[in-house]
Amino acid sequence: MIKKIVLQMLVITIVLTSAVTISQAQVFIDVPDNSKLSEELMVLSDYGGITLTPNKAFRANDPITRYEMAEILMHTLQLEPEFNNIPTYSDIAANDERMPVIAAIFNARIMVGYDGKFNPDVKVTRAQAVKLLTQVYGLTGEASQAYADIPKNHNAYNAVQAFIANQIIIPAKNEKFKPNAMMTRGQFASYLARIIEPSIRITEPEQPVYESCAIDTGKKRYVVDVAVTNLWHQSNQAREVDYPSTKNPVEMQKWISSLSLAQKKWLVGKTDTQALYGDEVSLLETKGKWQRIAAKDQYVPYLKAGYPGWVPVTHVVATTKNYDDCSKAIITAKKTMLLDEDTKKKFLEISYATILPVIEEDNTYYYVETPSDGIKLLKKSDAKSYQKYSDIAKPTADTIIKEAKRFLDLPYLWAGTSSWGYDCSGILYGVFRTHGIMIPRDSFYQATGGKAVAKKDLKPGDLVFFAYNGGKGEVYHVGLYVGDGKMLHAPHYASKVKIESMNQGAYKKNYSGARRYL
């Protein structure tokens, strides 16, 4: 008898231990197990709304679509998928695998579509989602608080007031609701869990962490998704030795260090420029594993879209997020390492002059949005943040010269615009860009901007140019005048960034003029 009791107790202990282990497990790989969202997702799982999948991502910061919303609601409301009474929509076939969910929601008169379409992949605004949840669960109520951007005549006012009155959300002072922003999957799950389980409703305002400035417009933009990408003159032109620069993630230092002088010289005319992590580009055409893009911030007179070139398709990613309302962090360190938000582990090394949107910040880090990997941490000591790029104070000549001198002895790289290697115009483009001045990318276009300066009137900080045919032909080189007849420049593929006289040899012979951008 005693043995039987002991055995039963042992079984109970094992079961309880297993249960504890399961309850403490991470609900999704991208949801921290100690977060409020983790608790809410577990509640939603208990009600059947979702299935916890610890080895997959929940994509909490992604906008929720109409179909995703319908699917979660169907399971939470414990509706059965409908296979017989199928509605007719022009944008989704009757035999589509999503139709049983849509039919169940349709027959329950929860979501019926419009204009003969269900629009399953259309993203839902915050106002639309809150109005729907209010109707489905019959929420009512008036609250003394309100959001600054939801006046009484707003079509979502009653729904938002019901949410506040029922402690689903509570506005902080002067906080905005952002009704036209896209509802994220995480927000929808949180709100739904709080509705169905009153014990987890909130009692004080929650400050939004990631939705404060990023807005999903539904309109595609394209951005560089590697630390730096070479823009090649032709598609599929890279050699085997160039592989580290064409993979994702790129290994720029490994690539550059592996190149012989002859292999570096070969790049002349093969690569035209580079674009940095997060730079916006235009997508011009795709050819197999390569696509032609245009770097928007690099001016050329012959293409309004920007500086064109070919890059591997894996180097550019599409996004529908707009960061115009976000601060901008500009990397001021020669290089810095982005860190994973939760683990503080190294994520990606990025270059000087990289510009990324700031979603939040604390005393140590900027929380920056990456092109395709969510929020990462950036050390504040390695960057400066501005609400708008135009807010950057105009630099002095001393500032520009001091910055450029930080890269003395950096090996030259043809077409380089990153701190792994610059060419003559690339280093100036990078330094001026970091200080709020977008000058043209190439020397022969830099020679047409700014204000023309006579040689006798040169001042430190001016750009000095050199041209073929004794200075009368096409501009081929640029330097930064530092005074005393000297310039800081990146001469050629076999050299490094250096300071030397501009009044000797070929430089004296081919001097063609100067421009002032300060």
When you measure from the side chain of [X] to the backbone of [Y], do you find a donor-acceptor pair of N or O atoms at a distance under 3.5 Å?
| X | Y | result |
| --- | --- | --- |
| Asp272 | Leu231 | no |
| Lys328 | Cys326 | yes |
| Arg441 | Ala415 | yes |
| Thr53 | Thr51 | yes |

For the atom pair [atom1] ([X]) and [atom2] ([Y]), what is the distance rounded to the nearest 0.5 Å?
| X | Y | atom1 | atom2 | value |
| --- | --- | --- | --- | --- |
| Leu133 | Ile168 | CG | CD1 | 9.0 Å |
| Ser419 | Ile350 | OG | CD1 | 9.5 Å |
| Asn166 | Tyr191 | CG | OH | 14.0 Å |
| Glu142 | Tyr157 | CD | OH | 5.0 Å |
| Asp62 | Arg185 | CG | CZ | 7.0 Å |

Is any side-chain heavy atom of [X] closer than 4.5 Å to a side-chain heavy atom of [Y]?
| X | Y | answer |
| --- | --- | --- |
| Val431 | Tyr422 | no |
| Tyr367 | Asp362 | yes |
| Thr246 | Asn230 | no |
| Val27 | Asp33 | no |
| Leu356 | Tyr366 | no |
| Tyr352 | Leu276 | no |
| Thr203 | Gln167 | yes |
| Ile110 | Leu77 | yes |

Using every non-hydrogen atom in the two residues, find where [X] and [Y] come nearest and quote the distance to one decimal.
| X | Y | result |
| --- | --- | --- |
| Asp340 | Leu377 | O-CD1, 4.0 Å |
| Lys247 | Pro249 | CG-O, 3.2 Å |
| Ile92 | Pro120 | CD1-CG, 4.3 Å |
| Tyr89 | Phe118 | CD2-N, 3.4 Å |
| Asn107 | Glu82 | ND2-CG, 3.3 Å |
| Gly421 | Ile256 | N-CD1, 4.5 Å |

Return yes if a side-chain donor-acceptor contact under 3.5 Å exists between [X] and [Y], otherwise no.
| X | Y | result |
| --- | --- | --- |
| Asp225 | Ser372 | yes |
| Thr336 | Asp382 | yes |
| Thr320 | Asp216 | yes |
| Thr273 | Gln298 | yes |

Could you tell me whether [X] and [Y] make a salt bridge, using a distance below 4.0 angstrom between a side-chain N and a carboxylate O?
| X | Y | result |
| --- | --- | --- |
| Lys296 | Glu280 | yes |
| Asp115 | Lys117 | no |
| Asp279 | Arg433 | yes |
| Arg66 | Asp121 | no |

Count the heavy atoms of every other residue, nucleotide or ligand shown that sit under 6.0 Å from [atom1] of [X], and state whether that count exceeds 12.
| X | atom1 | result |
| --- | --- | --- |
| Lys379 | NZ | no |
| Tyr243 | OH | no |
| Lys289 | NZ | no |
| Lys344 | NZ | yes |

- Set of side chain to side chain contact (heavy atoms under 4.5 Å, CB included) partners for Pro179, sequence neighbours left out: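 Ala127, Asp149, Ile150, His154, Phe177.
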- Message: Can you list everything that forms a side chain to side chain contact (heavy atoms under 4.5 Å, CB included) with Gln128? Sequence neighbours excluded, please.
- Response: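 Val124, Thr125.
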- Item | side chain to side chain donor-acceptor pair (under 3.5 Å) partner of Glu40, the single match among Ser45, Ser190, Ser35 |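 Among the candidates, only Ser190 passes.
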- Item | Thr332 and Thr434: CA distance, side-chain angles, deciding distance, side chain to side chain contact (heavy atoms under 4.5 Å, CB included) verdict | CA-CA 7 Å; Thr332 54; Thr434 303; 4.2 Å; yes
- Under the 6.0 Å and 45° cation-pi test, does Lys56 pair with Phe28?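 No.
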- Query: What do the steps show when you test Asp96 against Tyr67 for side chain to side chain contact (heavy atoms under 4.5 Å, CB included), and what is the final call?
  - Reply: CA-CA 12 Å; Asp96 189 293; Tyr67 174 74; over 6 Å; no
- Message: side chain to side chain contact (heavy atoms under 4.5 Å, CB included), that's the test. Do Ile392 and Ile330 meet it? Break it down for me.
- Response: CA-CA 10 Å; Ile392 303 175; Ile330 304 179; 3.3 Å; yes
- With Thr217 as reference, evaluate Thr319, Asn180, Asn322 under the side chain to side chain contact (heavy atoms under 4.5 Å, CB included) test and give the passing residue.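 Option passing the side chain to side chain contact (heavy atoms under 4.5 Å, CB included) with Thr217: Asn322.
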- Just do the side chain to side chain contact (heavy atoms under 4.5 Å, CB included) check on Val316 and Val223 with the steps written out, would you? CA-CA 6 Å; Val316 173; Val223 292; over 6 Å; no
